[in-house]
Amino acid sequence: MSVNTEDDTQPLYAGEYNADQADSLDPRLRRPFHVEPRNIVEDSAQERISAEASVLSSRVHYYSRLTGSSDRLLAPPDHVIPPPEEIYIYSPLGTAFKVQGGEGTAKNPSIVTIFAIWNTMMGTSILSIPWGMKQAGFTLGIITVILMGLLTLYCCYRVLKSTQSIPYVDTSDWEFPDVCKYYFGAFGKWLSLFFSMMSLIGAMVVYWVLMSNFLFNTGKFIYNYVHNISMSDTEFGTNGSERVVCPYPDLNPHGNSSAVPGYHSDGVNSTALFDHWWSKTSTIPLYLIVLLLPLLNFRSASFFARFTFLGTVSVAYLIFLVTLKAFRLGFHLEFHWFHSTDMFVSEFRLLFPQLTGVLTLAFFIHNCIITLMKNNRNQNCNVRDLSVAYLLVGLTYLYVGVMIFAAFPSPPLSKECIEPNFLDNFPSSDILVFVARAFLLFQMMSVYPLLGYLVRVQLMGQIFGQHYPSFVHVFILNVLIVGAGVLMAKFYPNIGSIIRYSGALCGLALVFVFPSLIHMVALHRRGELRWPSACFHSCLIMLGAANLLGQFFM
């Protein structure tokens, strides 16, 4: 590393270290300082050498004085030299160069990268796709899924290529907020951070609503099974072994599904006490505080990261459940393109912006696609792998949406009964759906602390320069996040609307505006911006704005 002052030309310590050893994979040939990553922060006053770095330097000095450089018997052992991913060559000027190489930089084949993207995008939005297709109409819903998939794929491609448009700068370690800061200064950096926070907190609110739902139905199933309580056939449900219910026959999304008639037992009032203390909107959201708030205050979320594989398993089980239910229920379709009947919705509806809002979040991966693609073994195949991943995601959404919509028994029920969480259309006594709810509940309870950790790292790191400034700071942040989830679960437990509002808001900035503006600015600086490209990307920005406005007027 080149420096300008006489003091900076001296090595950080006396020893055998030289510049040619920086990239060596043999840990016994490296002699750098070890500096914690949190001490390498731009534009912030940080300690120049951490306590850990000082201790490490002393140890290396000690071993270096025991013998000459030619004698390797008393060379520093492996546990003294940090692993490759934690090695930094530190300069007194306040900069650091991270040593590359070693096992920490292992690359993934294309198939692993593709399914990593697929697994990252497969979130809670999949539960609302059938409802969104109902709002848009069956035919227009299919068209909307395809078009939104193509639009978000192109914008994600623009994000992936954004670092390559910056000349004379090493962007190998940059993320998308760094690109926004390069083009738009501190305003772009903080704006991208704000919308990233909105997407994460919005996901945490949705998780809280869904966990309240799943915990309620899981407890209801166990209580009914233990007390031998069954659901009788009513006008709000179908007959037969494959029961489907309409939880809100008056189509009021603010109702309480626990009030659905049809439960009977030996004593009419035997469940009154249980229903009072086990309410989906009144008590369950408060019970979750006891379970989850302490977990959010952990310094590290590494324990919960071990359960991320449950996301793939839960989606696979949902696909199996949808296939089995559709096979048993059969298809119930009648095509009425421009008018609705008593049991069927029209194929084209003006409420389609509600589906576009859901899909914006469903296809959202733009804030982490650069990170995911860095580990791809063949960088020349990044665009191909990204396209294949989006194709798989789009086919998954289409499959779930089409199968649930087509199999929903209409008649005797109207397809207007399809819920924002399609699992609500199955009674709590359904064993297969009970397994899905219990599995999703456990998976979400393990992912929720991870989302809270990401919010804390990004927000606290930018404001205070460290991820855990104090217990008080972290506790206040977690109380605010949990409070938002409790309020939504209590007063507006409609995940379809929460997803579409948060998706349209975050998508406006991170999906449509920033990628398009960065591309146009880069072309303009190179003198290559032409009016077709300017018009196309300006239309993308206007589509993002229309998508957000449509959530309030449709």
Side-chain angles (χ1 to χ4, degrees), residues 42-43 113 117 121 146-196 198-199 356 359-361 363-376 378-391 393-394 503-550:
E42 290 186 344
D43 302 329
T113 302
I117 298 173
M121 275 198 279
I146 296 174
L147 292 180
M148 285 297 295
L150 293 174
L151 286 177
T152 51
L153 169 60
Y154 175 76
C155 293
C156 194
Y157 165 77
R158 291 265 62 97
V159 172
L160 185 62
K161 292 294 184 180
S162 61
T163 56
Q164 302 177 11
S165 64
I166 301 175
Y168 313 119
V169 178
D170 180 15
T171 60
S172 58
D173 294 330
W174 282 27
E175 303 294 342
F176 192 55
D178 299 316
V179 179
C180 295
K181 180 181 179 181
Y182 175 84
Y183 282 102
F184 308 113
F187 173 78
K189 173 186 175 181
W190 286 105
L191 196 62
S192 63
L193 176 65
F194 170 78
F195 284 107
S196 180
M198 290 295 297
S199 65
T356 62
L359 291 173
T360 305
L361 191 62
F363 285 113
F364 181 71
I365 197 176
H366 300 64
N367 60 343
C368 60
I369 189 60
I370 296 177
T371 303
L372 290 174
M373 283 303 186
K374 283 179 182 178
N375 294 324
N376 199 14
N378 191 348
Q379 292 293 306
N380 295 328
C381 297
N382 278 350
V383 177
R384 181 202 67 184
D385 296 343
L386 178 64
S387 302
V388 173
Y390 260 84
L391 175 63
V393 171
L505 178 62
C506 301
L508 173 63
L510 300 179
V511 177
F512 296 103
V513 175
F514 277 143
S516 300
L517 279 181
I518 288 174
H519 181 60
M520 287 192 290
V521 172
L523 291 178
H524 176 71
R525 291 182 178 181
R526 298 197 302 265
E528 300 175 1
L529 181 62
R530 302 293 182 267
W531 69 266
S533 178
C535 291
F536 174 74
H537 291 92
S538 298
C539 289
L540 286 180
I541 295 175
M542 289 188 290
L543 283 175
N547 183 33
L548 178 60
L549 292 176

Starting from the C-alpha separation in whole Å, work towards a yes-or-no answer on side-chain contact (heavy atoms from CB on, under 4.5 Å) for L517 and Y183.
CA-CA 9 Å; L517 279 181; Y183 282 102; over 6 Å; no
Verdict with reasoning, I370 to W174, per side-chain contact (heavy atoms from CB on, under 4.5 Å)
CA-CA 8 Å; I370 296 177; W174 282 27; over 6 Å; no
Between Y157 and V383, does a side-chain contact (heavy atoms from CB on, under 4.5 Å) hold up when you go through it step by step?
CA-CA 7 Å; Y157 165 77; V383 177; 3.6 Å; yes
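Taking CG of L386 as the reference point, atom CD1 of I369 lies at 5.0 Å (rounded to 0.5 Å). Annotation: the span from F364 atom CZ to C155 atom SG amounts to 11.5 Å, rounded to 0.5 Å.
Residues satisfying the side-chain hydrogen bond (donor to acceptor under 3.5 Å, both in side chains) criterion with S162, sequence neighbours excluded, are absent altogether. Applying the side chain to side chain contact (heavy atoms under 4.5 Å, CB included) test to L372 and every residue at least two apart in sequence or in another chain returns I117, T120, I365, C368. By the side chain to side chain contact (heavy atoms under 4.5 Å, CB included) test, L191 pairs with F187, F195, F514, sequence neighbours left out. By the side-chain hydrogen bond (donor to acceptor under 3.5 Å, both in side chains) test, Q164 is found to be paired with no residue, residues two or more places apart in sequence or in another chain being considered.
Of all heavy-atom pairs spanning G507 and T360, the tightest one is CA-CG2, 3.6 Å. Taking all atoms of both residues into account, the shortest heavy-atom contact from L505 to M198 is CD2-CE, 3.5 Å. Scanning all heavy atoms of the two residues, the minimum distance from N382 to L160 falls at CB-CD2, 4.0 Å. Taking each heavy atom of C506 and S199 in turn, the nearest pair found is SG-N, 3.2 Å. Closest approach of I166 to V179, counting heavy atoms only: CD1-CG1, 4.3 Å. Residues L510 and H366 share a closest heavy-atom pair of O-CB, 3.7 Å.
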Between side-chain atoms of residues 535-542 and protein atoms elsewhere (two or more places apart, or another chain), which donor-acceptor pairs fall under 3.5 Å?
from: H537; atom 1: ND1; to: S533; atom 2: O; distance (Å): 2.8
from: H537; atom 1: ND1; to: S533; atom 2: OG; distance (Å): 3.3
from: H537; atom 1: NE2; to: Y154; atom 2: OH; distance (Å): 2.7
from: S538; atom 1: OG; to: A534; atom 2: O; distance (Å): 2.6

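You'll find the side chain of R526 reaches within 4.5 Å of the side chain of S165, heavy atoms only. Put simply, the side chain of K189 does not reach to within 4.5 Å of the side chain of C180, judged on heavy atoms. I518 is listed as a side-chain neighbour of F184, based on a closest heavy-atom distance under 4.5 Å. For the pair T171 and Y182, the minimum side-chain heavy-atom distance is 4.5 Å or more. Side-chain atoms of L508 and N547, non-hydrogen and from C-beta on, never get closer than 4.5 Å to each other. In this structure, the side chains of T152 and Y390 come closer than 4.5 Å at one or more pairs of heavy atoms. Here the side chains of K181 and D178 are not in contact, with every heavy-atom distance at 4.5 Å or above.
For D385 and T113, the side-chain atoms include no donor-acceptor pair closer than 3.5 Å.
The main-chain N or O of G188 is found under 3.5 Å from a side-chain atom of S192 such that the two form a donor-acceptor pair.
A salt bridge links E175 with K374: the distance from a Lys NZ or Arg NE/NH1/NH2 to an Asp or Glu carboxylate oxygen falls below 4.0 Å.
Note on residues 503-515: no pairs pass side chain to side chain donor-acceptor pair (under 3.5 Å), not counting sequence neighbours.
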